[in-house]
Amino acid sequence: MEVSKIVMKAYELAKQAQKNAYAPYSHFEVGAAIKIKDCDEIITGCNLENASYGATVCAERGAIQSSMVKLGRVEFEFLVVVSNTSPAIGPCALCLQVLSEFAKPDLPIYFANQKEIQSKNYFGDLLPKPFAEIPKIMK
Ligand code: THU
């Protein structure tokens, strides 16, 4: 699909990050790139698997952690996720919940594979009702 220059740049960086994916168990390699607001930097992440399986960290959560370390904030403009699948996948439910801490419903999330960017989706459509803030405990 047609995208802006900056989305294309993030896509290329996500593909580079994907090359560093550590996925010896699933062979499912994922790269993610976050464009942060008011900042030229694009922050990337790749998945990092573990023999326990459960301790695996997805590419999206890796990128979020990296953004916090590097910039002290995670104010998204958009997110690109690159997988080695067809069709391309988007963030899993666990990552969507982590994203909900920082993402607004209109946050664009691009699903891509090594060949192309396949779709533009909105966070609010992927996770319409995230668990958010500590609800009031009923007495
Ligand atoms: N994975 C991601 O990195 N992001 C997602 O949104 C979906 C899943 C990774 C985790 C694991 O290493 C592999 O893909 C298979 O689930």
Side-chain angles (χ1 to χ4, degrees):
M1 64 180 290
E2 285 269 308
V3 293
S4 66
K5 259 188 170 174
I6 187 72
V7 172
M8 208 53 188
K9 187 180 169 195
Y11 170 55
E12 293 302 330
L13 291 172
K15 279 198 287 186
Q16 273 182 35
Q18 184 193 23
K19 287 187 188 148
N20 291 335
Y22 178 71
Y25 303 103
S26 72
H27 305 289
F28 193 105
E29 293 167 351
V30 188
I34 303 173
K35 169 71 177 68
I36 302 287
K37 273 187 189 147
D38 308 318
C39 175
D40 289 337
E41 211 167 337
I42 289 167
I43 310 282
T44 58
C46 64
N47 55 331
L48 190 145
E49 296 190 345
N50 184 268
S52 72
Y53 292 20
T56 292
V57 181
C58 291
E60 297 90 325
R61 278 178 288 138
I64 289 170
Q65 175 87 60
S66 216
S67 179
M68 201 51 100
V69 172
K70 281 190 183 167
L71 305 171
R73 65 192 176 100
V74 193
E75 284 157 318
F76 282 101
E77 206 171 300
F78 61 81
L79 168 68
V80 180
V81 183
V82 180
S83 56
N84 57 355
T85 59
S86 186
I89 56 97
C92 73
L94 188 57
C95 285
L96 287 170
Q97 179 59 34
V98 173
L99 280 163
S100 76
E101 197 73 22
F102 309 103
K104 300 211 170 78
D106 64 352
L107 170 76
I109 303 182
Y110 295 89
F111 295 9
N113 58 25
Q114 291 104 325
K115 213 174 126 209
E116 62 190 355
I117 299 178
Q118 290 188 339
S119 61
K120 180 181 185 181
N121 309 272
Y122 292 95
F123 176 74
D125 294 327
L126 300 175
L127 188 63
K129 293 182 179 179
F131 173 80
E133 69 193 49
I134 298 173
K136 274 194 188 140
I137 309 281
M138 289 169 70
K139 296 224 165 102

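In each ligand, atom 1 is the first atom listed, and ligand 1 is the first ligand listed.
In this structure, the protein non-hydrogen atom closest to atom 14 (O) of ligand 1 is F28 CD2, 3.3 Å. Distance from atom 9 (C) of ligand 1 to its nearest protein heavy atom, with residue and atom name: N47 ND2, 3.5 Å. For atom 3 (O) of ligand 1, the closest heavy atom belonging to the protein is A59 N, 2.9 Å. From the protein, the heavy atom lying nearest to atom 1 (N) of ligand 1 is C58 SG, 3.5 Å.
Taking only non-hydrogen atoms, the option from E60, R61, E29 nearest to atom 4 (N) of ligand 1 is E60.
Looking at S67, its side chain does come within 3.5 Å of a backbone N or O of R73 through a donor-acceptor pair. Under a 3.5 Å cut-off, the side chain of D125 and the backbone N or O of P128 do not form any donor-acceptor pair. A donor-acceptor distance shorter than 3.5 angstrom exists from the side chain of Q97 to the backbone of F131, with no hydrogens or angles considered.
Shown here, atom 16 (O) of ligand 1 is out of close reach of the protein: none of its heavy atoms lies under 4.0 Å off.
Residue contacts with ligand 1: E49 is placed with a nitrogen or oxygen under 3.5 Å of a nitrogen or oxygen of the ligand (distance criterion only). Some N or O of C92 is nearer than 3.5 Å to an N or O of ligand 1, by distance alone.
Of all atoms in ligand 1, numbered sequentially from 1 with element shown, those under 4.0 Å from a heavy atom of P91 are 6 (O). Remark: ligand 1 atoms within the under-4.0 Å shell around heavy atoms of G90 are 6 (O). Within the listing of ligand 1, atoms 10 (C), 11 (C), 12 (O) sit less than 4.0 angstrom from a heavy atom of T56.
Checked for salt-bridge contact, E75 and K37 miss the test: no charged N lies under 4.0 Å from a carboxylate O. In this structure, K15 pairs ionically with E12, as a charged nitrogen and a carboxylate oxygen lie closer than 4.0 Å.
More than 12 heavy atoms of other residues, nucleotides or ligands sit less than 6.0 Å from atom OH of Y25. In this structure, Q65 places its CD atom where only 12 or fewer heavy-atom neighbours from other residues, nucleotides or ligands lie under 6.0 Å away.
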Next item on the list: I would like to know whether I6 and F78 meet side-chain contact (heavy atoms from CB on, under 4.5 Å); could you show each step before the answer?
Entry: CA-CA 10 Å; I6 187 72; F78 61 81; 4.1 Å; yes

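At a 4.0 Å cut-off, not a single heavy atom of A23 sits close enough to ligand 1 to count as contact. Within the 4.0 Å heavy-atom shell around ligand 1 one does not find A21.
In plain terms, the two heavy atoms of Y11 and Q114 that are nearest each other are OH-O, 3.1 Å.
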